[in-house]
Amino acid sequence: MALIMGLRQCVLGLLMFVAFDHVCCAKLKARAFQPRMLGSLLREPWKSTQVSYGVQLPRPQLSPLSPSLAASSTQSKEELLGPVRELTWKFPEVPAEPEQPDINFELAQPRPSDSVAVQCWENGVHVEVKQDFFGTGQLLEPSQLSLGGCGVMDMDAAARVLIFHSALQECGSELVATEDELVYIFTIDYRPAALQSTPIVRSSGATIAVECHYPRRQNVSSNDLQPAWIPYVSTKVVEDALVFSLKVMTDEWMFERPSNVFFLGDVLNIQASVKQYNHVPLRIFVDNCVATAGPDVSSAPMYSFIENHGCLTDAKYTGSVSSFLPRVQDDKLQFQLEAFRFQQESSGAIYITCLVKATAASTSQIDEDHKSCSFRGNGWVSLDGNDQVCGCCDTSCGLRTDSVFPKVPGFQWEGKAQVGPLQVWENQRQAKNAHKAHKDSHPTGFIFSRNPRPVLRNEIARCVLRNVNKMSQVTLLDEVSQWNQETCQQELKTVLPKLVISFPDFYHKFISLVVLGIWEEHTNILQIITSRFLPHLSLSELEMGCFSTVLPKVVKVFGSLLGEISKQIGGLCSQNTELHVFLRNILKMMVQILESLSGCVRHVCSFEESFSFDAIRSLPTCILRVLKDTFQHCKDSEVMYSGRLSLVGDLLQGLFKEAYSLQKGLMELLDKINLEDTASEEEVSDISVKYQSLVEDRLHHTDIAFSLCEDLYTSVQNCLELAQQIQQAGLQEVVHCPEYKLFQKATKMCRFFANTLVHYTKEFKAFLAKSCHRFHQLYLQIHRFSPSVCAPSVPPALSEELRVAVLVPMDAMLTQLLSFRPFAESVLDPNHQCSTELCLPQCLLLVSVLGKLSSQPEEALQLWSDGSQFSEESPRWSVFEAVLQSFRRCMLERAVPVWLPGVMLRGQAQGRVSLHQHVCVHMCACVAVLPAQHFPSLEQSLLAAVLQADTQTAVLATDVWCFLARYGTAELCFHHVQLIAHLIRSCPGEGYQLFHLALLLRRLLFLMTPKHQVEFVERFLPAQEENLCVWRHALLRCLCAEARMRVEEEVLAGASVVLQEWQNSGYRMGHIPRLNRILGCVLMLMGGSNLQAECEVSSVKIISQLWSRMSSNQVQVHPPLQCTVKLLLSISAVLIKSVEPHVIIQAVSCLSGLNIQKCPDDLLLAALEFLASMGKVFISPDNQCQVLPRTSGMFNGLLTHPSWLILHHVLEAFGLFAEITNHEEVISQTLTSEEIKTKVLNFLSKTVSNQESEEARLERLKEWRRIIEKHCEQLECENNTPVHTPLTEEPCPKRARQETKVEEEYERYLQTAESALKALQTIVGPDHSPSPPQWVRIRLQVLQTLITQINTTTVEQP
């Protein structure tokens, strides 16, 4: 049994081994059976399989079975008992590890992480750093990053971005100036800290350099160079006469629906739109809409279906499908309204009237007052996606009034638009019955109004229409309006004569049609003739087939319409609605007639071949007569309509537009007429109207232009007077007062005249050369708004409303006139003298011109930039010189000062800037786009402004010059600096010109590259005496280190040489001017930063030697010595802490000996600077008695100075001294009287003693302006006086007295003795303790005897 059990176990083990072998092979095959390996496995099923990661898996090989086990499955007992054969099976060896195949592996290198973004602004830098700084996914802590020591200012948590802001000169920036660029260098520092509670870090520190490069010759901004400011005009949308309209459109919204008949159940496709003309893009909103049975919006019944500033309520109230449709254009708004009828009205007529508003598309915002909301389902939905603004539709949105159309305060563009009558029938049968009843009730052709209108001029309005071939006109026109062009061509011979005959022959018939409201039929006759039949007439058929019969009737009708207006205009008022509608219908008729005539002109001009005058003889004659009547009517409109012009102003403006458009077309038409050699004089005379002189004579353009200017100016004055009355009344709610309604009407008249003038100048500019001076004056007169100091006091809201109505169109007019030479000559005329109140408007006009020149052609730019070049030209300045001269005349506005719209910096709120900054920014912006060929004129203007007497104008020119030097190349800046240096060397003496040139030099030196600064020092060596006048006005700290050290060494060396020569010459007075020149350069060194120790020691040594030679008696009478003391005081104030005590005593002694009241102002200012610096030093007790009493005495005397300007400087100096001094006894000794105490206390506490009213201050500034202008004129006259140099041919009859050498020796010895005696007097005075010894008195007696002997000897000499 044991044997059997053993065999079973062996067999089972063998079976398990075989099964394991099959399972293992099956698994390997299953793993290898993949689509991409299928082919190879089918071809080589037993090869090793390659898995996706490239490792070979060999198929397991089984060890062979032993023969004994393979041959039989059993084993006998005898075989087991016999000799045992050698086993062929061995213990399996450990399989060898498979070799790894070669694979492509590269060590991943750190990739540069795009984690820093930089934007360079005009005056700062904006840096954004990703928190994933290294691109490893690890976010850095914001506290570990800094920009040059400045921490993170903001953080975008969503984007994981850290934000830094810095000005260009902050956060450790470094400025490097190259020949072509200004480079500002910043560093981003990352300093990792150990992770929380661990000593480890997972990132290394890093430093990244950030550079902002600003090119010197191109734009210094990273954006397009445009002014960052928002001038007034750019903040307002350019305004023209906006024309709002309502139209019923076809189902595809492509065309206006030709029929006005609807049935219940239809949907009205209504489109509100605005004609923009020369506006910037506008977005339109429908504020309110009502439906009425008649054209009167206030009549009953009335149904309001759009309310609350854009809520379409019809769907909510009636469950209709009415709603707004998505916008296709900003200037159009479409909505659908389900058709309806008024219950009590059998006519089925409805008029839809809407209040339409428009805003600038770029700044338009969707809010409760500007929205388009539809009711869908159970809520309101906004057309523009912002449904929240519709939340007020069920309550009240914005401001409401009791009127049908509420006024929106402050909204600039709005108007009413009406469409109708729309006929809505219940069904088609009812429409046919109504039409049949209409015909049956008038079998003879008479048509009466069902509801007779009020009688006009006691006449019953009725019209008799003649039947033509048993077909009513209405039926014929309706039929023709549906024809296509092919049908019109086929029926031309039949229908055109009928339409021509149908055109009314007598004006009274035409007027009756207007009264009955059916005049559109006959207007359509003219429109159909010109649009549908005229294109099918050949050139030879135009005159006989159409023009000769129709156009004379057109002229007669047009004149009759004008005559009817003259008759009826007396009764026009806002209450007489019927007459108002009547006159508006007549004006609409006139506009349509002009449109039809323009269509005739366009058709004739479309022929390619030329034609004779006979082919169109009637057309020019008709147009010329109509144009003359139209222009005359527009010219007389203010007198004719009087205060009622606002009721028809929009139509008059449309009439004028069509007239000048027709005139332009007529000029093109006449140019195409071909005159044959056989043309008669009459023919030539008829067409000579195309020449400008004849057109000017017939249309009187100059008179029209002057009339429009006077009308506009008068209207503006009326508006200002009304605004002043409103302000004086002190009304709280201005919008609801009757005066405000009058103001609005007057403003509309201003807008009408302004827009009319704009269009007139645009069309007839060539005829208006004589009117340019009046245009210039008008521009200045109507710009008398705030901030002008002469502007009338009016409420800001009313001033802004009037400004938009008038100034914006005038800006458009200015753009049109820029290329017109007569206008430029009027504006740039050097002899033009503006009154005080017009100085600021003239300056702002020229600034506006600067802003527009970049968009003008080269001819206009040359006209304004170069000025007059030849004697035969009319004299004119360049625009740069004119701007600077006008700025100079605005002295009052600079003193007040006035504030103008400033810049918009990166979306920040708009600020207010001074006139200086406003002009400077605009001039720099113009310089940035100015072509190089105009630079000579610019440089000439800037130099002339620098050399004139007004300092503020010189500073403005200096600012612009510095921008030019920075914006241009480094060579240009170097060239300018050399030019200024040569001019300074050529200045004859001290004066305003030298002062202005020195200011310009100091600022330009800062903009030079280090290379050019070194070269400038080489060319103007300080060691050369003729260059000292240049370096005394320089600024040392603006130089590079190399140039600065060179200048310091040469100046101090030169000062030592001059001082030594002065000493060797016996301190002669003749050497003082030379000494002063070198001292001025030493003072320049004191203005530098980080003065070297050697330079400081040398400077102290120089002033110490000089103070010992100064005597107050000589200083009092010798101006050169006064200049020396002034320079010594300024230098000593800087080096006060390094000056020896005895030198301070000498300086105080000299200063105290002067008569303060008789000293020049510049010496007093230097003395105050020195006295203020005395608070920095501590005077030893041994020297206090010689310094402190004199200091307090000088302060006490100066505090009583009669000049308020000097007194202000004294108070500043005394306050600075009192704040830092350790010797408080000086303060108490100075304030010896109550008057002085009060002055000092009021100054320190900033107490205003006399409160000055604005009126008194303005009058005082006006008086000062006259004084300053007179002073500047005197300075320039003195400067222009020729200097008479002595002639070499003939000696002068009297020579100036020259000092001899002996006299100089007398002066030197006496000055030494006097100085020694004064020094002795200070130590032997009565207050000095102890008293001097006895031998001093003996020596003094000996000196007295010696002086007596010298005096006696001097008297005895002849």
Test item: [X] side-chain N/O and [Y] main-chain N/O as donor-acceptor pair under 3.5 Å:
X: Q1060; Y: A1055; result: no
X: K1239; Y: L1199; result: yes
X: R1044; Y: L1039; result: yes
X: Q993; Y: L947; result: yes
X: T1221; Y: A1218; result: no
X: R894; Y: C890; result: yes
X: Q1122; Y: Q1116; result: yes

Kindly check if the number of other-residue, nucleotide or ligand heavy atoms within 6.0 Å of [atom1] ([X]) is above 12?
X: E1235; atom1: CD; value: no
X: E1094; atom1: CD; value: no
X: R985; atom1: CZ; value: yes
X: E1026; atom1: CD; value: yes

How long is the span from the [atom1] atom in [X] to the [atom2] atom in [Y], to the nearest 0.5 Å?
X: H918; Y: F887; atom1: NE2; atom2: CZ; value: 11.0 Å
X: I1350; Y: T1345; atom1: CD1; atom2: OG1; value: 11.0 Å
X: T1348; Y: L1343; atom1: OG1; atom2: CG; value: 10.5 Å
X: T1191; Y: L1171; atom1: OG1; atom2: CG; value: 6.5 Å
X: L1211; Y: L1216; atom1: CG; atom2: CG; value: 12.5 Å
X: I1072; Y: M1069; atom1: CD1; atom2: CE; value: 5.5 Å

Practice problem: In sequence, state the C-alpha distance, the side-chain angles, and the governing distance for L168 and S173, and then conclude on side-chain contact (heavy atoms from CB on, under 4.5 Å). | Solution: CA-CA 7 Å; L168 293 179; S173 67; 5.7 Å; no

Please list, chain by chain and in numerical order, all residues satisfying side-chain hydrogen bond (donor to acceptor under 3.5 Å, both in side chains) with [X], sequence neighbours excluded.
X: S1132; value: W1107
X: Q948; value: R888
X: T953; value: D950
X: E1061; value: R1074

Quiz item: Which pairs pass ring pair (Phe, Tyr, Trp, His ring centres under 6.0 Å) with one or both residues in residues 1224-1243, sequence neighbours excluded?
Solution: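 Checked against ring pair (Phe, Tyr, Trp, His ring centres under 6.0 Å) - neighbours excluded - the pairs reaching residues 1224-1243 are H1208-F1243.
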
Exercise. Sort and list the pairs that fulfil ring pair (Phe, Tyr, Trp, His ring centres under 6.0 Å) and have at least one residue in residues 1156-1207, not counting sequence neighbours.
Key: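 Only F1178-H1223, F1195-F1214, F1195-F1217 qualify under ring pair (Phe, Tyr, Trp, His ring centres under 6.0 Å).
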
Looking only at non-hydrogen atoms, find the nearest pair between [X] and [Y] and report the distance.
X: L1207; Y: L1198; value: CD1-O, 4.1 Å
X: I1236; Y: T1232; value: CD1-OG1, 4.5 Å
X: L1005; Y: A1034; value: CD1-CB, 3.9 Å
X: P1189; Y: S1192; value: O-OG, 2.9 Å
X: P1022; Y: V1051; value: CB-CG2, 3.9 Å
X: N1196; Y: Q1229; value: ND2-O, 4.4 Å

Practice problem: Test side-chain contact (heavy atoms from CB on, under 4.5 Å) on T951 and F995 and set out the steps. | Solution: CA-CA 9 Å; T951 301; F995 175 76; 4.2 Å; yes

Close side-chain approach of [X] to [Y], heavy-atom, < 4.5 Å:
X: I1131; Y: L1085; answer: no
X: L1035; Y: R1037; answer: yes
X: V955; Y: H916; answer: yes
X: E1050; Y: V1017; answer: no
X: R1190; Y: L1151; answer: no
X: H1209; Y: L1164; answer: no
X: I1078; Y: L1028; answer: yes
X: C1095; Y: E1049; answer: no

Practice problem: State which residues pass side chain to side chain contact (heavy atoms under 4.5 Å, CB included) with N1183; sequence neighbours excluded, sorted by chain then number. | Solution: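 Expected list: P1141, I1145, I1179, S1180, Q1186.
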
Practice problem: Check side chain to side chain contact (heavy atoms under 4.5 Å, CB included) between E1169 and all other residues, then give those that pass, not counting sequence neighbours. | Solution: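 Expected list: S1130, A1133.
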
Quiz item: Got a sec, which pairs hit salt bridge (charged side-chain N to carboxylate O under 4.0 Å, His left out) with one end in residues 1131-1159, sequence neighbours left out?
Solution: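 Applying salt bridge (charged side-chain N to carboxylate O under 4.0 Å, His left out) to every pair that reaches into residues 1131-1159, excluding sequence neighbours, yields nothing.
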
Quiz item: Should R1109 and W1062 be marked as a side-chain contact (heavy atoms from CB on, under 4.5 Å) after you check the CA-CA gap, both sets of side-chain angles, and the distance that decides it?
Solution: CA-CA 11 Å; R1109 306 303 305 174; W1062 185 50; 4.0 Å; yes

Quiz item: Is there a donor in the side chain of T1124 and an acceptor in the side chain of N1076, or the other way round, less than 3.5 Å apart?
Solution: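 The criterion, which ignores hydrogens and geometry beyond distance, is satisfied for N1076 and T1124.
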
Self-check item: Partners passing disulfide bond (SG atoms under 2.5 Å apart) against C171 (at least two apart in sequence or in another chain)
Solution: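 With sequence neighbours excluded, C171 shows a disulfide bond (SG atoms under 2.5 Å apart) to C150, given in chain and number order.
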
Quiz item: Sequence neighbours excluded, which residues qualify as disulfide bond (SG atoms under 2.5 Å apart) partners of C987?
Solution: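 C987 satisfies disulfide bond (SG atoms under 2.5 Å apart) with no other residue.
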
Practice problem: Tell me whether the centres of the aromatic rings in F1020 and W1031 are closer together than 6.0 Å. | Solution: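 Here the rings of W1031 and F1020 have centres that are no less than 6.0 Å from each other.
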
Practice problem: Let me see the working for M891 and Q952 under side-chain contact (heavy atoms from CB on, under 4.5 Å), right down to the final yes or no. | Solution: CA-CA 9 Å; M891 192 172 298; Q952 291 191 18; over 6 Å; no

Self-check item: Results of ring-ring contact (aromatic ring centres under 6.0 Å, His included) for H1033 - residues two or more places apart only
Solution: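 Partners of H1033 by the ring-ring contact (aromatic ring centres under 6.0 Å, His included) criterion come out as none, since no residue qualifies.
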
